[in-house]
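Presented below is the structure to which this report refers.
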Amino acid sequence: MNIVLFGPPGAGKGTQAELLVKEHGIVQLSTGDMLRAAVSEGTELGKQAKTVMDAGQLVADELMIGIISDRVDQADCTNGFILDGFPRTVAQAEGLDVMLQEKGLKLDSTIEIVVDEQILFGRIEQRAKETPESERRADDNAETLKKRLAVYHEQTAPVLPYYEKKGNLHKVDGMQSITEVANQIAGFLK
Ligand code: AP5
């Protein structure tokens, strides 16, 4: 089972992906986590990505498509994967289609988690408060969140009609409890 989770920053993509991993034994492919790992390891990718991420902007499409393509080839993705944070632009969605076709794979479900903006600010503020200083994300502050949201509306929201036209985009009310959101997603995946 191959799934894409869409949603603005703080919508709950990572939270729901972790639950799906436990439920279905498939792999979470979070591009944000991959980039943060590269930043903390100080790799060349990490050095390039850090400035972009701290500014709330997006890392280059070709880089991200390459990272996902390599990752999907790894053995642990055989049973399926959840794309969390990818694709984030129409170019990434098109690149993903080409990549999946070349690998003989397909997406089974694309899910958008819908949450009002003022709730997102509350969630990100809360996450920043609860995270120890050393582990706090540099982009988890109100000023950068505004930029991340603007980027989401400009560059990621246009990806949704791309999948709507294919007829397999499901919308989930992400303002319910974590369990209720998970149950709604489970309903779509049946
Ligand atoms: P990324 O790490 O993907 O961040 P994001 O999309 O901004 O999403 P978040 O991780 O902040 O939120 P989430 O939706 O996963 O919510 P979560 O479950 O954590 O990307 C970071 C950066 O990397 C980007 O800005 C960009 O620079 C770069 N990048 C990444 N992918 C890229 C790509 N493909 N192309 C180019 N650049 C890329 O939940 C948030 C909080 O809310 C948590 O505290 C959680 O406990 C809580 N919560 C979750 N659900 C609920 C609920 N139902 N009720 C109450 N609280 C809830």
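Computed over heavy atoms, backbone and side chain alike; hydrogens, waters and symmetry mates excluded. Start at 1 and go down the list; that is how both ligands and their atoms are numbered.
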Could you list the atoms of ligand 1 found under 4.0 angstrom from a heavy atom of [X]?
X	result
Pro8	14 (O)
Met53	22 (C), 23 (O), 27 (O), 28 (C)
Gly14	13 (P), 15 (O), 18 (O)
Gln176	52 (C), 53 (N), 54 (N)
Leu58	36 (C), 37 (N)
Arg88	1 (P), 3 (O), 4 (O), 5 (P), 6 (O), 7 (O), 20 (O), 24 (C), 30 (C), 31 (N), 32 (C), 33 (C), 34 (N), 35 (N), 38 (C)
Gly174	53 (N)
Thr31	30 (C), 31 (N), 32 (C), 34 (N)

- Query: Above 12 or not: heavy atoms from other molecules or residues under 6.0 Å from NZ of Lys147?
  - Reply: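 Check passes, neighbour count above 12.
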Among protein heavy atoms, which sits nearest to [atom], and what does the distance come to when rounded to 0.1 Å?
atom	result
atom 39 (O) of ligand 1	Thr15 OG1, 3.7 Å
atom 26 (C) of ligand 1	Gln57 O, 3.3 Å
atom 41 (C) of ligand 1	Arg123 CB, 4.2 Å
atom 28 (C) of ligand 1	Leu35 CD1, 3.6 Å
atom 12 (O) of ligand 1	Gly10 N, 2.9 Å
atom 43 (C) of ligand 1	Arg127 CD, 4.2 Å

What do you reckon, does [X] put a non-hydrogen atom under 4.0 Å from ligand 1?
X	answer
Gln16	no
Gly7	no
Glu180	no

- Pick from Gln155, Lys13, Arg137: the one approaching atom 4 (O) of ligand 1 most closely through a non-hydrogen atom: Arg137
- Task: Counting heavy atoms only, name the option from Gln92, Met175, Gln126 that's nearest to atom 35 (N) of ligand 1.
- Result: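 Going through Gln92, Met175, Gln126 one by one, Gln92 has the nearest heavy atom to atom 35 (N) of ligand 1.
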- Side chain, backbone, both or neither: which part of Ala49 has a heavy atom under 4.0 Å from ligand 1? neither
- Which one holds for Glu130 and ligand 1: side chain close, backbone close, both close, or neither close, with close meaning a heavy atom under 4.0 Å? neither
- Message: Could you go through Asp76 and Arg71, starting from their C-alpha distance and side-chain angles, then the distance that decides it, and tell me whether this counts as salt bridge (Lys or Arg N to Asp or Glu O under 4.0 Å)?
- Response: CA-CA 9 Å; Asp76 60 347; Arg71 186 63 188 83; 2.7 Å; yes
- Query: Any chain of hydrophobic side-chain contacts (each under 4.5 Å) joining Val90 to Ile67?
  - Reply: yes
- Are Met175 and Leu145 connected in the hydrophobic side-chain network, where two residues link if heavy atoms are under 4.5 Å apart? yes
- Query: Hey, is ligand 1 close enough to Asp84 that some N/O pair sits below 3.5 Å?
  - Reply: no
